[in-house]
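Have a look at the structure below before the remarks.
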There are 2 protein chains.
Amino acid sequence: MIIGKKLRELREQKGLLLRQVAASLEVDTAYISKMERGEKNIKREFILKLAELYQTDKNQLITIWLADQVYDILKDETLAESALNIVKEHIQKRK
Amino acid sequence: MIIGKKLRELREQKGLLLRQVAASLEVDTAYISKMERGEKNIKREFILKLAELYQTDKNQLITIWLADQVYDILKDETLAESALNIVKEHIQKRK
DNA sequence: TTTTTACTTGTCACATTCAGTCAAATGTAA
DNA sequence: TTACATTTGACTGAATGTGACAAGTAAAAA
């Protein structure tokens with residue numbers, strides 16, 4: 001959904017190549033490509049490293065990353081909104 | 001979180017034993033026990049069958065089931081609320 | 001045109017996770 | 001005790017995920 005797009009934006013803003021990011025995370029170039037295009041899940045660990053590399057706010061990136069995972073569950077669901085409301089209540093009660 | 005609790009409530013309201021529900025879904029009794037206590041994920045298919053068995057609203061049950069999955073992702077996250085907001089926007093835009 | 005550079009795609013080996021079962025353990029009520 | 005309901009732990013085969021590698025586009029550069 002959005003985390004991949006965001007990561008690509010950030011990378012391009014910094015003028016980095018996939019190859020360079022891959023080297024920095026010590027993974028294959030293809031792997032980064034797949035992350036950015038949403039073909040592979042991204043581990044929290046990678047998000048944090050990328051936030052550093054791109055000098056961007058970790059929390060903002062993690063938030064988008066979380067939203068992405070939630071969206072994956074709900075994207076084709078008619079009942080998504082009611083589900084979100086239930087979750088919201090529980091989350092707020094939690095505090 | 002809640003789907004298991006809900007299922008147990010429904011079963012008890014109907015006065016059914018784990019064994020009977022298990023027979024109806026054609027799985028092991030232990031498996032139903034684990035579902036109700038949140039030790040195992042529940043497949044959509046099972047939720048639908050259980051809604052029938054318990055003569056309850058399918059949509060309501062599916063909604064809780066979805067909420068449960070979302071909550072699993074967010075339960076330990078400080079950033080849960082902001083993530084939810086992002087998802088909400090995207091879901092609403094989708095329509 | 002050929003070459004080069006960035007990126008994408010398919011396939012594969014390996015690892016990890018998960019579904020669901022079984023048997024044993026625990027609880028509980030008669 | 002006996003009998004029945006539920007829980008627990010250990011287990012296996014299947015499904016899924018990770019990440020690499022090599023080959024394939026695509027577009028600009030030479």
Side-chain angles (χ1 to χ4, degrees), chain A residues 1-54 61-62 64-77, chain B residues 1-54 61-62 64-77:
Chain A
M1 166 218 198
I2 36 173
I3 183 65
K5 221 180 100 197
K6 180 73 182 176
L7 291 175
R8 175 144 299 185
E9 272 173 35
L10 286 168
R11 179 170 63 83
E12 287 173 348
Q13 272 171 32
K14 291 282 165 189
L16 293 171
L17 301 175
L18 286 181
R19 161 163 51 83
Q20 298 173 304
V21 175
S24 175
L25 300 205
E26 294 177 290
V27 295
D28 194 84
T29 301
Y31 199 51
I32 306 288
S33 165
K34 287 175 185 172
M35 282 186 194
E36 289 187 355
R37 286 171 312 97
E39 206 180 303
K40 294 279 176 179
N41 297 342
I42 309 180
K43 296 197 284 198
R44 189 187 210 92
E45 175 203 342
F46 285 154
I47 294 291
L48 296 173
K49 283 188 186 172
L50 288 171
E52 276 204 12
L53 184 59
Y54 299 150
L61 220 49
I62 290 283
I64 298 177
W65 172 74
L66 287 170
D68 204 17
Q69 294 175 67
V70 171
Y71 186 73
D72 256 5
I73 294 178
L74 298 179
K75 59 174 175 293
D76 300 322
E77 299 290 345
Chain B
M1 156 227 204
I2 37 171
I3 184 65
K5 223 180 102 198
K6 181 73 183 175
L7 290 175
R8 174 145 297 185
E9 272 172 35
L10 287 168
R11 178 170 64 82
E12 286 172 348
Q13 271 170 33
K14 291 280 164 187
L16 292 171
L17 300 176
L18 286 180
R19 163 166 53 82
Q20 300 173 301
V21 175
S24 175
L25 298 206
E26 295 176 287
V27 295
D28 195 88
T29 301
Y31 197 52
I32 305 290
S33 166
K34 286 173 186 175
M35 282 186 194
E36 290 187 354
R37 286 170 312 95
E39 206 179 301
K40 294 280 178 179
N41 296 343
I42 311 182
K43 296 197 284 196
R44 184 184 215 96
E45 174 203 343
F46 287 154
I47 294 290
L48 295 174
K49 284 188 185 173
L50 289 170
E52 275 204 13
L53 184 60
Y54 300 149
L61 220 50
I62 291 282
I64 299 176
W65 171 74
L66 287 170
D68 204 17
Q69 293 175 67
V70 171
Y71 187 72
D72 256 8
I73 294 178
L74 298 180
K75 57 175 178 294
D76 300 322
E77 299 289 345

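Naming convention: chains lettered A, B, ... in sequence-line order (proteins, then strands); numbering from 1 in each chain.
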[X] [atom1] to [N] [atom2], straight-line distance once rounded to whole Å:
X       : N      : atom1 : atom2 : value
A:Phe46 : D:dG17 : CZ    : C1'   : 13 Å
B:Glu36 : D:dA5  : CD    : C1'   : 12 Å
A:Lys43 : D:dG19 : NZ    : C1'   : 9 Å
B:Arg37 : D:dT8  : CZ    : C1'   : 8 Å
B:Asp28 : D:dA5  : CG    : P     : 15 Å
A:Ile42 : D:dT18 : CD1   : P     : 10 Å
B:Glu39 : D:dA10 : CD    : P     : 12 Å

Item to complete: Locate the shortest heavy-atom distance separating B:Tyr54 from B:Lys14; write the atom from each residue and the value.
Response: O-CE, 3.2 Å

Item to complete: Could you pull out the closest heavy-atom pair between A:Ile2 and A:Asp68, with the gap in Å?
Response: N-OD1, 3.6 Å

Measuring from the side chain of [X] (C-beta onward, heavy atoms only), which nucleotide among [options] has the closest atom?
X       : options               : result
B:Arg19 : D:dT7, D:dC4, D:dG19  : D:dC4
A:Tyr31 : D:dG19, D:dT6, D:dT8  : D:dG19
A:Ala30 : D:dC21, D:dG19, D:dT7 : D:dC21

Item to complete: Mind checking B:Lys40 for me? I need base, sugar-phosphate or nothing, with any heavy atom below 4.0 Å counting as a touch.
Response: base

Fill in: Stepwise side chain to side chain contact (heavy atoms under 4.5 Å, CB included) check, A:Leu48 with A:Ile62
CA-CA 8 Å; A:Leu48 296 173; A:Ile62 290 283; 3.9 Å; yes

N/O to N/O distances under 3.5 Å, protein versus nucleotides 26-30 of chain D:
none

Discussion item. Quick one, B:Arg11 with B:Arg8, criterion side chain to side chain contact (heavy atoms under 4.5 Å, CB included). Give me CA distance, side-chain angles, the key distance, then yes/no.
Written reply: CA-CA 5 Å; B:Arg11 178 170 64 82; B:Arg8 174 145 297 185; 3.4 Å; yes

Discussion item. Please check if the number of heavy atoms outside B:Glu45 that lie under 6.0 Å from its CD is greater than 12.
Written reply: yes

Worksheet entry | First of B:Glu12 and B:Lys34 reached from the 5' end of DNA chain D, by closest nucleotide | B:Glu12

Worksheet entry | Range on DNA chain C touched by chain B, heavy atoms, distance below 4.0 Å | C:dA19 to C:dC22

